[in-house]
Protein chains: 2
Amino acid sequence: MNELMKFETYLRSHGQKMTRPRRVILEAFLGAEGHLSIDDILREAKKIDPGIGQATVFRTIRLITSAGLAREALQEDGARTFEHLADHPHHDHLLCVGCGKIIEFLSPLIEQEQQRIFVRYGFEPRGHMMELLGLCPECQAKERGEH
Amino acid sequence: MNELMKFETYLRSHGQKMTRPRRVILEAFLGAEGHLSIDDILREAKKIDPGIGQATVFRTIRLITSAGLAREALQEDGARTFEHLADHPHHDHLLCVGCGKIIEFLSPLIEQEQQRIFVRYGFEPRGHMMELLGLCPECQAKERGEH
DNA sequence: AGTAAGAATGATAATCGTTATCATTATTGT
DNA sequence: ACAATAATGATAACGATTATCATTCTTACT
């Protein structure tokens with residue numbers, strides 16, 4: 001089942017309609033990689049259909065996220081960003097506080113332990129957000145050089 | 001060494017001054033528990049000195065966080081929140097997406113693995129943020145009852 | 001296919017958190 | 001005590017997000 005069909009299924013099951021703007025925004029979003037702000041997505045969507053409005057991107061990204069096709073990533077420069085989950089295995093982020101570089105990693109051990117924690121507290125898992133913050137080797141070197 | 005002294009040390013070593021508003025805001029912040037928004041802190045600070053301004057709370061919380069006496073927590077209702085680190089061992093959060101309840105937990109296994117990841121990528125650790133999102137037992141029951 | 005009912009859209013205004021500005025006040029080293 | 005300079009608080013400015021609303025699109029029903 002592809003992403004468009006998943007989205008359509010989600011919409012139907014929630015009494016909502018599949019429309020052209022929603023299709024365009026989903027297509028634009030899936031076609032770009034990385035952490036995208038609303039305006040990034042709007043820009044991509046306008047390439048397909050210049051008539052798309054910003055408000056609809058806000059509304060549609062919320063739906064796409066609720067449908068489980070995207071998740072919110074870090075805030076970057078005050079604006080929320082999103083990344084889609086198609087053809088992109090689950091991962092967490094290691095962020096350099098110096099230059100903003102983002103490294104993706106996956107730790108099966110951590111994933112496993114998170115499941116245990118959900119079970120311990122009787123929670124039904126709905127997702128997680130994990131960001132490690134540090135200084136990358138390059139920025140460490142830069143910092144040493146300047147002292 | 002208490003928090004006030006740590007803050008004063010931090011300020012001096014960064015060429016900044018210890019002032020009455022900064023003392024008041026730190027005291028108000030330390031005196032409250034949980035995740036506090038800027039306006040929460042402002043409210044507490046005004047109880048001690050009604051003359052405190054919101055802008056100074058924004059500025060001072062940034063300093064307190066840089067000094068390592070607080071860390072940013074989840075965004076709640078669009079506003080950033082902070083929690084102080086005094087007499088409060090390090091922990092992560094398990095958040096119920098239904099009712100907003102927050103459970104604190106600590107997993108030495110995860111902490112250990114995070115260190116390994118920093119080392120693997122040559123990063124100098126600066127902190128981390130981990131939030132598990134799920135549905136608590138009560139909200140699960142509520143959801144089952146409504147269907 | 002045609003149509004009525006209601007949802008979705010896009011432009012715009014409104015809101016709200018955060019940051020910048022600036023005249024006044026407080027702090028510090030001498 | 002004083003001069004130099006940083007900090008403050010009020011307010012304006014800004015930017016992201018949400019609400020509003022007239023118009024347009026979808027859908028279910030005929």
Side-chain angles (χ1 to χ4, degrees), chain A residues 4-5 7-29 35-67 70 72-82, chain B residues 4-5 7-29 35-67 70 72-82:
Chain A
L4 182 59
M5 285 172 62
F7 191 37
E8 199 153 354
T9 302
Y10 172 84
L11 289 176
R12 276 184 202 287
S13 71
H14 285 71
Q16 306 224 37
K17 297 172 178 172
M18 173 53 85
T19 64
R20 170 164 169 75
R22 286 177 177 172
R23 251 190 307 270
V24 168
I25 290 166
L26 179 62
E27 185 188 335
F29 180 49
H35 297 175
L36 304 177
S37 69
I38 293 295
D39 286 341
D40 293 335
I41 299 165
L42 177 61
R43 201 173 313 115
E44 292 303 312
K46 275 180 183 294
K47 288 181 190 169
I48 305 173
D49 178 347
I52 301 291
Q54 193 202 40
T56 304
V57 177
F58 271 102
R59 288 187 283 241
T60 304
I61 280 294
R62 183 184 311 172
L63 291 172
I64 291 174
T65 303
S66 299
E72 201 171 333
L74 317 163
Q75 290 231 153
E76 274 165 36
D77 298 321
R80 280 186 274 175
T81 65
F82 300 84
Chain B
L4 182 59
M5 285 172 60
F7 192 36
E8 199 154 352
T9 302
Y10 172 84
L11 290 175
R12 278 184 201 287
S13 73
H14 285 70
Q16 306 223 37
K17 297 171 181 174
M18 172 53 84
T19 64
R20 171 164 168 76
R22 287 177 177 172
R23 250 190 307 269
V24 168
I25 290 166
L26 179 62
E27 185 188 336
F29 180 48
H35 297 176
L36 304 177
S37 69
I38 293 295
D39 286 341
D40 292 335
I41 299 164
L42 177 61
R43 201 174 311 114
E44 291 303 313
K46 274 180 184 295
K47 289 181 189 168
I48 304 173
D49 178 348
I52 301 290
Q54 194 201 38
T56 304
V57 177
F58 271 102
R59 289 187 282 239
T60 304
I61 280 295
R62 185 184 310 170
L63 290 172
I64 292 173
T65 303
S66 300
E72 201 170 335
L74 318 162
Q75 289 229 158
E76 273 165 38
D77 298 321
R80 282 186 271 175
T81 64
F82 300 84

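For the numbers below, each heavy atom of this structure counts, side chains included, while hydrogens, waters and symmetry mates do not. All chains are named by letter (A, B, ...) in the order of the sequence lines, taking the proteins before the strands, and each is independently numbered beginning at 1. Please read all numbers here as calculations on a predicted model, not as lab measurements.
- When all heavy atoms of B/Ala45 and B/Ile25 are compared, the closest pair comes out as CB-CG1, 4.3 Å.
- At a threshold of 4.5 Å between non-hydrogen side-chain atoms, the residues A/Met18 and A/Phe7 count as touching.
- Looking at B/Arg23 and B/Leu4, their side chains come closer than 4.5 Å, going by heavy atoms from C-beta outward.
- Considering only heavy atoms from C-beta on, B/Leu42 comes within 4.5 Å of B/Lys46 through its side chain.
- Contact between the side-chain N/O atoms of B/Arg22 and the OP1/OP2 oxygens of C/dT27 is not found at any separation under 4.0 Å.
- A distance of 12.0 Å separates CD1 in A/Ile41 from CD1 in A/Ile52, rounded to the nearest 0.5 Å.
- In this structure, the CG atom of B/Leu74 is 17 Å from the C1' atom of C/dG17, given to the nearest Å.
- Between the side chain of A/Thr60 and the backbone N or O of A/Arg22, no donor-acceptor pair lies under 3.5 Å.
- Rounded to an integer number of Å, the gap from CD1 of B/Ile25 to P of D/dA7 is 13 Å.
- B/Leu42 has its CG atom 12 Å from the P atom of C/dG17, to the nearest Å.
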Classify every nucleotide of nucleotides 13-30 of chain D by which part a protein heavy atom approaches to under 4.0 Å, writing B for the base, S for the sugar-phosphate alone and - for neither, in 5'-to-3' order.
---SBB-B-----BS---
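- In this structure, B/Gly15 reaches neither bases nor backbone, as no heavy-atom distance under 4.0 Å exists between it and the strands shown.
- For A/Leu63 and C/dA7, the CG to C1' distance is 12 Å, given to the nearest whole Å.
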